[in-house]
Amino acid sequence: MSTVIDELGARLKTYEGRAAAVAGRGKDPVNEPMIRHWCEAMGDTNPAYTGPDAIAPPTMLQAWTMGGLSGHTGRTGRTGAHDELFDLLDEAGCTSVVATDCEQEYLRPLRPGDEVTFDAVIESVSDRKTTKLGTGYFVTTRMDVRVGPDLVGTHRFRILKYAPARPKGKPEGKPEEKRARARRPRPVVNRDNAGFWEGVERHRLLIQRCTHCGTLRHPWLPGCNACGGPDWDTVEASGEGTVYSYVVMHHPPFPAFTESDDAAGAAGPYAVGLIELAEGVRIVSNVVGLPYDKVRIGLPVRLEFRRYDDDGEDAALVLPVFRVQEGREGEAG
Ligand code: ZN
């Protein structure tokens with residue numbers, strides 16, 4: 001560790017304790033429609049949030065203080081300190097921002113009709129930190145939410161404002177080390193899924209089948225979703241399937257998930273497929289044999305087993321993956 005005089009850091013530190021908002025007002029009182037929409041979006045059916053004695057879900061705390069797309073109008077309570085801090089960081093090249101974490105504390109439930117006010121303070125600015133994303137500063141802002149004179153909750157929100165890491169291939173300072181290929185994360189094998197992984201080891205994709213009602217299930221579970229029965233046997237998947245859905249992961253980069261035949265082992269985007277097997281159950285897996293941006297819903301794929309990290313350092317990992325069938329790349333539905 002070297003001691004670098006960080007002038008910017010010292011300036012940023014002067015913002016600690018400064019108000020970011022004073023006496024801000026919620027746009028709407030706590031109200032039933034917003035509570036209902038929230039609960040629907042979250043799939044939260046807790047009866048505490050409905051009926052004549054309804055309270056708002058505690059995790060909605062910040063929702064009551066937000067300005068929405070149009071922002072707060074009129075008396076916003078903003079002091080400008082937060083904007084100044086961000087401007088300083090932008091000027092220093094820390095132009096990117098990512099939310100890192102949030103902590104909330106609830107002192108009493110909010111109920112429909114409560115009118116919320118809030119004060120926000122820049123609680124802390126970290127020393128300069130280097131993360132995988134880049135180098136910058138963590139800024140923690142605390143919002144105190146009140147109804148009348150009563151503090152009802154606090155919301156602490158931390159962001160990283162950073163200069164994006166240098167483009168690959170341009171070393172900064174120390175010479176590029178020969179990078180060991182990132183290893184795939186290992187599955188967590190437990191009593192409920194051990195049989196699945198034993199099957200994979202033997203290049204068999206086993207689907208659980210309830211011996212009471214015959215319903216197939218994947219991933220492996222201790223009981224049947226359909227009838228609750230605890231007893232099961234297995235059937236082996238034929239290996240035929242189609243891409244039911246997929247996402248393309250761009251960020252954060254995970255070199256371990258990038259196929260080794262990709263350019264220079266770079267941690268580029270990769271597609272994660274939800275494969276519907278011919279037997280009807282679905283499995284999350286890699287789609288291999290075509291570029292990530294060519295994966296499409298409906299593509300016919302076929303199971304194969306791949307060995308990863310087969311470098312002798314550790315036991316290789318065998319995983320089921322799905323290969324697009326030759327000549328059928330255009331068959332998306
Ligand atoms: Zn069953």
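Order of appearance sets the numbers: ligands from 1, and atoms from 1 within every ligand. Throughout, numbering of the chain's residues begins at 1 and tracks the sequence.
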(message) Return all protein N, O or S atoms below 2.8 Å from the Zn ion (ligand 1), chain by chain in residue order.
(response)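 Short answer, with waters excluded from the count: Cys210 SG, Cys213 SG, Cys224 SG, Cys227 SG.
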(message) Main chain of Arg158, side chain of Thr100: is a donor-acceptor contact present, judged purely on distance under 3.5 Å?
(response)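 Such a contact is found between Thr100 side chain and Arg158 backbone.
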(message) Applying salt bridge (Lys or Arg N to Asp or Glu O under 4.0 Å), can you list everything that pairs with Asp87, at least two apart in sequence or on another chain?
(response)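 By the salt bridge (Lys or Arg N to Asp or Glu O under 4.0 Å) rule, Asp87 matches no residue at all.
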(request) Over all heavy atoms of both residues, which pair between Ile283 and Pro320 is shortest? Give the atoms and the distance, please. (result)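 Looking at all heavy atoms of both residues, the shortest contact is CD1-CG, 4.5 Å.
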Name each donor-acceptor pair under 3.5 Å that joins a side chain in residues 235-244 to protein atoms two or more places apart or in another chain, with its distance.
| from | atom 1 | to | atom 2 | distance (Å) |
| --- | --- | --- | --- | --- |
| Glu236 | OE1 | Arg204 | NE | 3.0 |
| Glu236 | OE1 | Arg204 | NH2 | 3.4 |
| Ser238 | OG | Glu240 | N | 3.2 |
| Ser238 | OG | Glu279 | OE2 | 3.4 |
| Glu240 | OE1 | Gln325 | NE2 | 3.4 |
| Glu240 | OE2 | Arg302 | NH1 | 2.2 |
| Tyr244 | OH | Arg282 | NH2 | 3.3 |

(request) With the side chain counted from C-beta on, respond yes when Asn193 and Pro219 share a heavy-atom pair under 4.5 Å apart, and no when they do not. (result)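 Contact flag for Asn193/Pro219 side chains = no.
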Could you go through residues 41-59 and list every donor-acceptor pair under 3.5 Å that involves a side-chain atom there, pairing it with any protein atom two or more places apart or in another chain?
| from | atom 1 | to | atom 2 | distance (Å) |
| --- | --- | --- | --- | --- |
| Asp44 | OD1 | Asn46 | N | 3.0 |
| Asn46 | OD1 | Ala48 | N | 2.8 |
| Thr50 | OG1 | Pro47 | O | 3.3 |

